[in-house]
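Notes follow once the structure below has been shown.
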Amino acid sequence: MKKTILILAIANLTVFSYGQGFVTFNNNNGSATPAVIAPITDSDGTTRVGGAAYYAQCYAADGANASSNSLTAKGFAVNLRTSANAGFFQTSGTAAGAQGSQPVSPSVAVTAANGGTVTIQVRVWSSTFATYEAALSAYTANPNGGVRVGASTPFNVASVAPPGTPADLQGLAGFSLQPIPEPSTIALGILGAGSLLFLRRKK
């Protein structure tokens, strides 16, 4: 009887794990077809951010075109790489931080469906906060407080169930972290500069 229960438990675990869909959480994947090269930049849109000061995490929900509010964190947060590889997710080694020290694997389970389509969004934030939600809350309360947050445009991926190779993040585009001045702020700045120039000429 005990043997039967054990066999059934193992079978259930196998079915459950093989029922999940997986993606490769990698935004610097030159071997993908087409290649996925989508670096994370600072608010200037040029300078790539990196290191343990940032976390990146995969958010997903079953089905195509799911709303951003329905996306939930998958796997665990990883740091960004440094130097020439700044702007790209850590895909090996160990990620240490508020979520605990974890061995990094780019393969992330994103769905309970057997390789079904999922909506994915990449979210990045200052690692002084354990979660994106906490960082976003702090940024919203004080946009000039030095907290950095950012998120990709959501996109659809057909996840792959084992034993297949996890799906690449086709459709991921690079994005910049906040804060970025609001259009009204930019307009006021231009207006102010124009006024100063006009006064100077008048003198």
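All values derive from a computational prediction rather than experimental measurement.
Scanning for ring-ring contact (aromatic ring centres under 6.0 Å, His included) contacts around Tyr54 gives an empty result, with sequence neighbours left out. In this view, Ser31 and Asn29 satisfy the side chain to side chain donor-acceptor pair (under 3.5 Å) rule, not counting sequence neighbours. In terms of the side-chain contact (heavy atoms from CB on, under 4.5 Å) criterion, residue partners of Thr119 (sequence neighbours excluded) are, by chain and number, Ala66, Leu71, Pro154, Asn156. Listed by chain and number, the residues in a side chain to side chain donor-acceptor pair (under 3.5 Å) with Tyr59 are Glu133 (sequence neighbours excluded). For Ser159, there are no side chain to side chain donor-acceptor pair (under 3.5 Å) partners, not counting sequence neighbours.
Asn26 and Thr91 share no donor-acceptor pair across their side chains, judged by distance under 3.5 Å alone. For Thr41 and Ser176, the side-chain atoms include at least one donor-acceptor pair closer than 3.5 Å.
Side-chain atoms of Asp62 do not come within 3.5 Å of backbone N or O of Thr111 as any donor-acceptor pair. Between the side chain of Ser126 and the backbone N or O of Arg148, at least one donor-acceptor pair lies under 3.5 Å. Remark: the backbone N or O of Val122 is paired with a side-chain donor or acceptor of Ser152 at under 3.5 angstrom. A donor-acceptor pair is defined here as one N or O able to donate and one able to accept, closer than 3.5 Å; such a pair exists between the side chain of Gln170 and the backbone of Pro34.
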* **Tyr132 vs Val149, side chain to side chain contact (heavy atoms under 4.5 Å, CB included): CA-CA, chis, key distance, verdict** => CA-CA 7 Å; Tyr132 173 82; Val149 292; 4.2 Å; yes

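A salt bridge does not link Asp42 with Arg48: none of the charged nitrogens is closer than 4.0 Å to a carboxylate oxygen.
In the hydrophobic clustering, Val160 connects to no other residue, as no ILVMFWY side-chain heavy atoms lie under 4.5 Å from its own.
Nearest heavy atom pair, residue Gly50 against residue Thr82, reads C-CG2, 4.3 Å.
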